[in-house]
J.: 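Can you keep this structure in mind? I'll have questions shortly.
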Amino acid sequence: MGYARKVGWVTAGLVIGAGACYCIYRLARGRKQTKEKMAESGSADVDDAGDCSGARYNDWSDDDDDSNESKSIVWYPPWARIGTEAGTRARARARARATRARRAVQKRASPNSDDTVLSPQELQKVLCLVEMSEKPYILEAALIALGNNAAYAFNRDIIRDLGGLPIVAKILNTRDPIVKEKALIVLNNLSVNAENQRRLKIYMNQVCDDTVTSRLNSSVQLAGLRLLTNMTVTNEYQHILANSISDFFRLFSAGNEETKLQVLKLLLNLAENPAMARELLRAQVPPSLGSLFSKKENKEVILKLLMVVENISDNFQWEENESAQNHFSEDSFFSFLKEFQVCADKVLGIESHHDFPVKVKVGKVAAKLTERMFPQSQE
């Protein structure tokens with residue numbers, strides 16, 4: 001009787017254990033499907049970039065090839081917990097699945113060739129994958145293939161003629177940060193083309209909003225800044241960003257060194273355009289902007305910021321806009337420039353920035369601002 005009771009308890013335990021495992025499996029599978037659906041929640045709705053004055057910044061990416069495959073971020077299922085044997089197996093399966101997806105995209109596009117450069121027919125197949133697939137790892141693989149091919153000048157026209165611009169731009173609505181970053185890289189490479197820029201301008205406001213609201217210093221934010229930098233290589237579409245300049249200054253003040261340098265490339269493009277000088281001067285800037293002129297700040301960051309100030313000073317018609325200067329707010333970039341002499345005195349002082357080129361540039365910019373903004377003091 002005791003033996004039968006023990007067998008009964010063991011049998012019941014096995015049944016309950018099996019049921020619990022099945023419930024956990026269904027729950028995990030449901031979470032996975034929900035995550036994949038959320039990643040696609042959105043709905044559809046310079047080779048010859050033209051002449052531009054001064055040095056402009058172009059930023060495109062041609063480093064997303066197969067050699068970086070091992071560095072790509074792989075989405076792991078929620079049950080793949082680190083430190084457990086089951087988690088190790090699940091993570092290995094996720095990595096293998098992502099690798100197979102990348103190879104499948106290449107094989108489906110070009111079954112008889114392993115070359116990176118795809119033909120128009122092969123590019124059409126990859127675009128179909130981007131348009132039809134709902135799997136984030138397949139989208140990521142297809143966008144990497146497109147980004148690699150968009151780095152070649154002759155493919156930028158082909159992808160545009162195949163209708164690739166709106167197909168890739170639709171992916172910007174996704175909530176998956178990895179997929180969104182890859183889409184921005186593709187558009188970034190495609191934007192080094194005058195006709196592509198003309199068609200991509202309608203997405204600049206969306207890219208700008210996504211960039212300033214993304215997690216600070218994230219890869220999505222940096223990819224958005226690079227795309228906006230390319231779109232402002234010429235003066236034609238810079239006015240679209242006029243109302244976002246204050247946000248760029250905010251990112252510049254709060255971001256890390258990489259973000260600061262990327263924002264400065266964008267601001268330098270805007271500062272080269274005389275028509276944008278007034279918009280830059282009226283932009284609101286954080287009070288902490290002046291603290292950047294310190295020993296702790298990177299030399300390249302300081303010098304590029306001084307270049308922005310110098311370009312604005314050269315391009316703004318001070319005498320013609322003398323009456324308008326009274327309308328700039330107290331927290332504007334114009335007001336910061338009026339107080340720039342205080343920053344210059346700190347940098348040029350004894351206990352100041354140790355780098356001699358920085359001191360020389362600060363002194364030059366301070367003298368130029370004094371001459372332009374306060375000409376009566378020189379009489």
Side-chain angles (χ1 to χ4, degrees), residues 53-57 208-209 211-212 216 225 228-229 232 235 237-255 257 259-294 297-298 300-348 353 358 361-375 377:
S53 60
R56 298 296 177 93
Y57 283 90
C208 189
D209 292 341
T211 299
V212 298
L216 187 63
L225 287 171
L228 294 175
T229 301
T232 55
N235 298 343
Y237 312 116
Q238 291 184 0
H239 64 279
I240 299 176
L241 303 181
N243 293 328
S244 301
I245 297 177
S246 299
D247 294 320
F248 296 140
F249 275 113
R250 178 179 56 80
L251 290 182
F252 172 75
S253 296
E257 185 175 309
T259 300
K260 281 183 169 66
L261 289 172
Q262 195 59 57
V263 172
L264 283 172
K265 290 180 181 181
L266 174 58
L267 293 177
L268 276 169
N269 284 352
L270 300 180
E272 285 283 347
N273 182 5
M276 294 298 295
R278 183 184 178 88
E279 302 298 333
L280 287 161
L281 286 173
R282 74 179 183 88
Q284 295 179 339
V285 298
S288 59
L289 191 63
S291 63
L292 293 171
F293 297 94
S294 65
E297 192 57 62
N298 179 273
E300 188 179 0
V301 171
I302 296 178
L303 290 176
K304 277 186 167 57
L305 178 59
L306 291 171
M307 288 174 60
V308 172
V309 174
E310 188 174 21
N311 288 341
I312 295 174
S313 175
D314 291 340
N315 290 324
F316 188 66
Q317 304 299 324
W318 297 98
E319 296 180 359
E320 296 179 9
N321 294 277
E322 185 174 357
S323 59
Q325 296 180 29
N326 297 325
H327 299 288
F328 292 116
S329 62
E330 294 182 357
D331 58 351
S332 66
F333 194 55
F334 173 82
S335 298
F336 167 77
L337 296 185
K338 288 182 66 175
E339 302 296 330
F340 183 80
Q341 190 63 46
V342 177
C343 298
D345 291 340
K346 291 181 180 179
V347 175
L348 297 174
H353 205 282
V358 171
K361 190 69 172 178
V362 168
K364 180 182 177 181
V365 172
K368 185 175 290 188
L369 286 175
T370 301
E371 179 184 357
R372 300 277 171 80
M373 298 181 72
F374 311 105
S377 62

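Nothing fancy with the numbering, it's 1 onward along the sequence.
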J.: What's the spacing between Gln262 CD and Leu228 CG if we round to 0.5 Å?
T.: 9.5 Å
J.: CD1/Ile302 to NZ/Lys361 distance, rounded to the nearest 0.5 angstrom?
T.: 13.0 Å
J.: Counting N and O atoms only, with roles assigned by atom type, does the side chain of Ser253 sit under 3.5 Å from a partner on the main chain of Phe249, one being a donor and the other an acceptor?
T.: yes
J.: Check Ala254 against Leu216 and note the closest heavy-atom contact, atom names and distance.
T.: O-CD2, 3.4 Å
J.: Could you report the tightest heavy-atom contact between Val285 and Ser332, atom names first, then the distance?
T.: CG2-O, 3.9 Å
J.: Can you tell if the side chain of Met276 reaches within under 4.5 Å of the side chain of Leu241, non-hydrogen atoms only?
T.: no
J.: Enter the distance from Leu280:CG to Ile312:CD1 here, rounded to the nearest 0.5 Å.
T.: 4.5 Å
J.: What pair of heavy atoms forms the shortest contact from Phe248 to Val263, and how long is it?
T.: O-CG1, 3.4 Å
J.: Do you know which two heavy atoms are closest between Leu225 and Thr229, and how far apart they sit?
T.: O-OG1, 2.7 Å
J.: Can you tell if the side chain of Asn273 reaches within under 4.5 Å of the side chain of Asn315, non-hydrogen atoms only?
T.: no
J.: Compare all side-chain heavy atoms of Glu310 with those of Lys364 and state whether any distance is below 4.5 angstrom.
T.: yes
J.: Using modelled atom types only, decide if a donor and an acceptor are shared between the side chain of Gln238 and the backbone of Thr232 within a distance under 3.5 Å.
T.: yes
J.: Does Phe340 reach the side chain of Leu306, with side-chain heavy atoms less than 4.5 Å apart?
T.: yes
J.: Nearest 0.5 Å, please: how far is CG in Leu266 from CG in Leu261?
T.: 13.0 Å
J.: Is Arg250 reaching over with its side chain to a backbone N or O of Val212, donor-acceptor style, under 3.5 angstrom?
T.: yes
J.: Are Lys260 and Glu257 close enough, and set up right, to give a side chain to side chain contact (heavy atoms under 4.5 Å, CB included), and what steps lead you there?
T.: CA-CA 5 Å; Lys260 281 183 169 66; Glu257 185 175 309; 5.6 Å; no
J.: Closest approach of Glu330 and Ser335, non-hydrogen atoms and distance?
T.: O-CB, 3.3 Å
J.: Heavy-atom distance under 4.5 Å between the side chains of Arg278 and Phe316, does that happen here?
T.: yes
J.: To the nearest 0.5 Å, tell me how far Asn269 CG sits from Asn311 CG.
T.: 10.0 Å
J.: Hey, does Met373 have a side-chain heavy atom less than 4.5 Å from the side chain of Trp318?
T.: yes
J.: Hey, could you give me the CG/SG distance between Asp247 and Cys208, rounded to the nearest 0.5 Å?
T.: 7.0 Å
J.: Provide the closest heavy-atom pair for Gln284 versus Ser246 in the form atom of the first, atom of the second, distance.
T.: N-OG, 2.9 Å
J.: Taking ring-ring contact (aromatic ring centres under 6.0 Å, His included) as the test, write out the residues that go with Phe252, two or more places apart.
T.: none
J.: Within the structure provided, determine whether Arg372 and Asp314 are in side-chain contact (heavy-atom separation under 4.5 Å).
T.: yes
J.: Would you please classify the geometry between the Phe336 ring and the Phe333 ring as parallel, tilted or perpendicular, with 30° and 60° separating the classes?
T.: parallel
